[in-house]
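Note that these values count all heavy atoms, side chains included, but never hydrogens, waters or copies made by symmetry. Quick note on labels: first sequence line is chain A, next is B, and so on, each numbered from 1.
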2 protein chains.
Amino acid sequence: MRSETRIRVMEVVARLGYRANQHARNLRAGQSRLIGVFYSNPSRNYLGEIQIGALQRGNAEGFSIAFEHLEEGGPPRGGAALAGAVLIPPLTEDQALMASLMEAGTPFVRLSHTLAEGEVGHVTMDDEAAAQEMMRHLIGLGHRRIAFIAGPLSHPQSHLREAGYRASLAAAGLSVDESLIARGAFDYESGLSAATGLLGRNPCPTAIFASNDDMAAAVLAVAFRSGLRVPQQLSVAGFDDTPLASVVYPALTTISQPSREMASVAVGMLLDKRTSESPEKAILPYRLVVRETTAAPEV
Amino acid sequence: MRSETRIRVMEVVARLGYRANQHARNLRAGQSRLIGVFYSNPSRNYLGEIQIGALQRGNAEGFSIAFEHLEEGGPPRGGAALAGAVLIPPLTEDQALMASLMEAGTPFVRLSHTLAEGEVGHVTMDDEAAAQEMMRHLIGLGHRRIAFIAGPLSHPQSHLREAGYRASLAAAGLSVDESLIARGAFDYESGLSAATGLLGRNPCPTAIFASNDDMAAAVLAVAFRSGLRVPQQLSVAGFDDTPLASVVYPALTTISQPSREMASVAVGMLLDKRTSESPEKAILPYRLVVRETTAAPEV
DNA sequence: CTGAAAGCGCTAACAT
DNA sequence: ATGTTAGCGCTTTCAG
């Protein structure tokens with residue numbers, strides 16, 4: 001087409017306000033530019049990070065991101081036709097969901113350390129090693145009675161982090177005191193009751209390692225209320241390094257989980273699907289972030 | 001169709017794994033089941049609430065929600081065809097965006113107190129009255145030197161909340177001390193420097209009213225670091241009642257902004273568009289939530 | 001280089 | 001009660 005003609009066309013396009021119909025394009029092309037992110041009940045702060053990461057990568061390549069809250073076991077929404085999907089824990093283990101996605105021919109990526117059938121790939125970090133690194137930090141500081149607040153059984157991460165806790169104790173020649181392990185639900189409220197129980201023990205633990213930041217923030221509140229100074233009388237550690245960790249006072253020592261990058265890599269895998277064939281696996285690095293809530297125990 | 005036939009058909013559908021093509025449906029129907037929520041740079045915690053509200057209402061009616069991060073002044077993504085859009089502050093004032101939406105024939109609802117041309121409706125709360133209620137609370141407690149951390153000029157809310165602060169002072173017969181007004185950006189970092197400046201004044205204010213929770217959390221941290229006990233030596237008030245407010249220690253006295261409901265009502269307006277004709281306006285109620293950070297000043 | 005036509009998969013209207 | 005057809009707006013292919 002002559003450039004002169006092209007210009008004339010563009011003029012008319014502008015004058016008439018013509019806009020290509022996306023629906024027709026999608027139908028014709030047999031694909032949309034929409035990626036779904038499915039989640040059920042992760043910590044709010046964690047989800048926020050995931051969203052940012054997914055949005056950044058998706059938008060950069062001209063894709064929109066739809067976030068869908070799914071009840072576990074429930075069917076995915078048929079509402080929109082998706083170019084791909086990202087599964088956030090604990091939905092990463094939802095077999096029915098994955099079966100349904102495969103049947104619809106929707107490629108998906110999971111934020112999980114296991115490999116599932118049919119996935120384009122999965123992205124993860126080494127939760128167990130990270131938990132061990134935190135424990136080394138605590139033990140290195142001189143702590144011996146270290147309590148642990150585990151996450152819900154439904155989240156694969158819960159098991160890995162707890163395994164890291166136990167392994168570290170064993171490696172340091174310390175015995176595991178089951179009464180020092182409480183189970184929470186990755187939210188603030190459950191952290192409150194777990195911490196209350198743990199701090200009521202005698203002798204009291206000198207450190208509490210909560211397996212996510214929300215629960216660690218709750219430990220902080222309970223400690224303050226019982227007049228315990230942090231970190232002098234009680235060390236507190238979290239996990240995830242969500243924005244909450246640095247906003248709380250004292251700022252939390254935690255494990256920086258690259259949630260944002262994980263989401264961004266996951267979306268990237270979906271976009272690059274054309275290239276690759278066999279499922280990919282990405283293991284992203286974590287980082288121990290020492291802030292103000294951990295110190296050597298008194299006495 | 002006979003029910004017997006219907007059953008036979010369903011069987012075949014199941015056996016062949018037939019699934020209706022959404023693209024074709026959308027094209028045929030001339031509309032999608034996707035609603036866009038546009039935002040630029042609100043507080044993370046506030047955005048989280050908005051997302052929950054939008055998701056709840058949308059998903060309940062079988063609509064998906066796409067969140068789009070837009071640079072201010074930038075064009076909306078052409079990626080997906082939307083059934084409607086919700087504009088989050090400060091994008092509510094973006095004329096170019098609205099023009100572009102109107103041209104594309106996409107109905108939109110704004111989270112703003114002003115009425116804009118072409119919108120289906122807007123939903124809001126009375127920020128100024130809410131700020132006044134918080135001030136009455138503080139003044140009633142006996143505070144006279146009350147500092148204020150305002151928000152960024154780009155957010156309409158900033159002006160309203162500040163106006164409420166000033167009006168309350170005047171109503172109580174107190175003069176406005178401009179050196180007691182700092183400006184932040186609705187985030188934690190800016191709250192840190194604003195608080196540092198304010199607490200360095202002599203005489204020191206007995207209360208600081210931050211115009212959102214993130215900045216109020218920063219005030220808490222600065223107060224702790226300078227050895228000021230909250231609320232005995234310094235009262236702190238926030239605004240929004242995001243999840244952060246109750247997770248921080250001490251828990252924040254704040255204004256409960258019904259962000260979640262605002263988003264849900266906004267999505268509802270879009271869905272009910274068929275019914276209504278002239279732009280609607282919804283004003284949702286706020287609520288003063290007194291928690292642990294405010295008390296009568298010492299002396 | 002420009003113009004015409006077929007077809008993506010669905011649904012609503014019409015004919016049997 | 002069932003079967004057929006036209007057309008949504010785009011893109012790709014083929015013909016002129």
Side-chain angles (χ1 to χ4, degrees), chain A residues 1-36 58-59 61-64 66 68 75-85 99-108 270-271 273-275, chain B residues 1-36 58-59 61-64 66 68 75-85 99-108 270-271 273-275:
Chain A
M1 158 165 48
R2 266 203 330 260
S3 68
E4 187 193 313
T5 314
R6 145 164 281 126
I7 291 173
R8 285 233 328 277
V9 170
M10 296 311 275
E11 259 169 24
V12 177
V13 161
R15 187 155 52 75
L16 263 44
Y18 167 86
R19 322 207 61 186
N21 180 315
Q22 265 315 313
H23 301 310
R25 284 193 148 173
N26 288 342
L27 173 57
R28 176 61 234 215
Q31 53 135 1
S32 65
R33 298 180 79 66
L34 216 212
I35 287 178
N59 288 355
E61 314 238 2
F63 279 69
S64 294
E68 306 270 4
R77 317 206 44 64
L82 304 174
S100 164
L101 251 14
M102 286 174 66
E103 190 194 320
T106 308
F108 63 96
L270 250 17
L271 301 183
K273 194 179 69 86
R274 11 185 163 146
T275 318
Chain B
M1 157 166 51
R2 266 204 329 264
S3 66
E4 187 194 314
T5 316
R6 146 164 282 127
I7 291 174
R8 287 233 327 276
V9 170
M10 296 311 276
E11 259 168 25
V12 178
V13 162
R15 187 154 51 76
L16 264 45
Y18 168 85
R19 320 208 65 188
N21 180 314
Q22 267 311 317
H23 301 310
R25 284 192 150 175
N26 288 341
L27 172 58
R28 176 61 236 221
Q31 53 134 12
S32 65
R33 297 179 82 65
L34 214 214
I35 287 178
N59 288 355
E61 315 238 1
F63 278 69
S64 295
E68 306 271 5
R77 318 204 44 62
L82 303 174
S100 164
L101 251 14
M102 287 174 65
E103 190 195 321
T106 309
F108 63 95
L270 250 18
L271 300 183
K273 193 178 71 86
R274 9 183 165 147
T275 319

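Summarising the geometry, the separation between CG on B:Leu27 and C1' on C:dG7 is reported as 12 Å, rounded to the nearest angstrom. Atom NE2 of A:His23 is separated from atom P of C:dG7 by 24 Å (rounded to the nearest Å). Look at CG on A:Asn26: it is 12 Å from C1' on C:dC8, rounded to the nearest Å. The CD atom of A:Gln31 sits 17 Å away from the P atom of D:dC10 (whole-angstrom rounding).
In this structure, A:Ala20 reaches the sugar-phosphate backbone alone: every heavy-atom distance under 4.0 Å involves primed, P, OP1 or OP2 atoms, never a base.
Bending across the helix from C:dC1-D:dG16 to C:dT16-D:dA1, expressed as the angle between its end axes from five pairs apiece, amounts to 50° (10° rounding).
Comparing D:dC10, C:dG9, C:dT11 by their nearest atom to the side chain of A:Arg25 picks out D:dC10.
With values rounded to the nearest 0.5 angstrom, A:Asn26 atom CG is found 7.5 Å from B:Asn26 atom CG.
For B:Arg33 against B:Glu61, the heavy-atom pair with the smallest separation is NH2-O, 3.1 Å.
Residues satisfying the side chain to side chain contact (heavy atoms under 4.5 Å, CB included) criterion with A:Ala99, sequence neighbours excluded, are absent altogether. Judged as a side chain to side chain contact (heavy atoms under 4.5 Å, CB included), and not counting sequence neighbours, the contacts of B:Arg25 are B:Ala20, B:Gln22. By the side chain to side chain contact (heavy atoms under 4.5 Å, CB included) test, A:Ala29 is found to be paired with A:Gln31, residues two or more places apart in sequence or in another chain being considered.
A:Leu271 has its side chain within reach of A:Ile35: a pair of non-hydrogen atoms, C-beta onward, lies under 4.5 Å apart.
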Close N/O contacts between protein and nucleotides 4-7 of chain D (under 3.5 Å):
unit_1: D:dG7; atom_1: N2; unit_2: B:Arg28; atom_2: NH1; d: 3.4

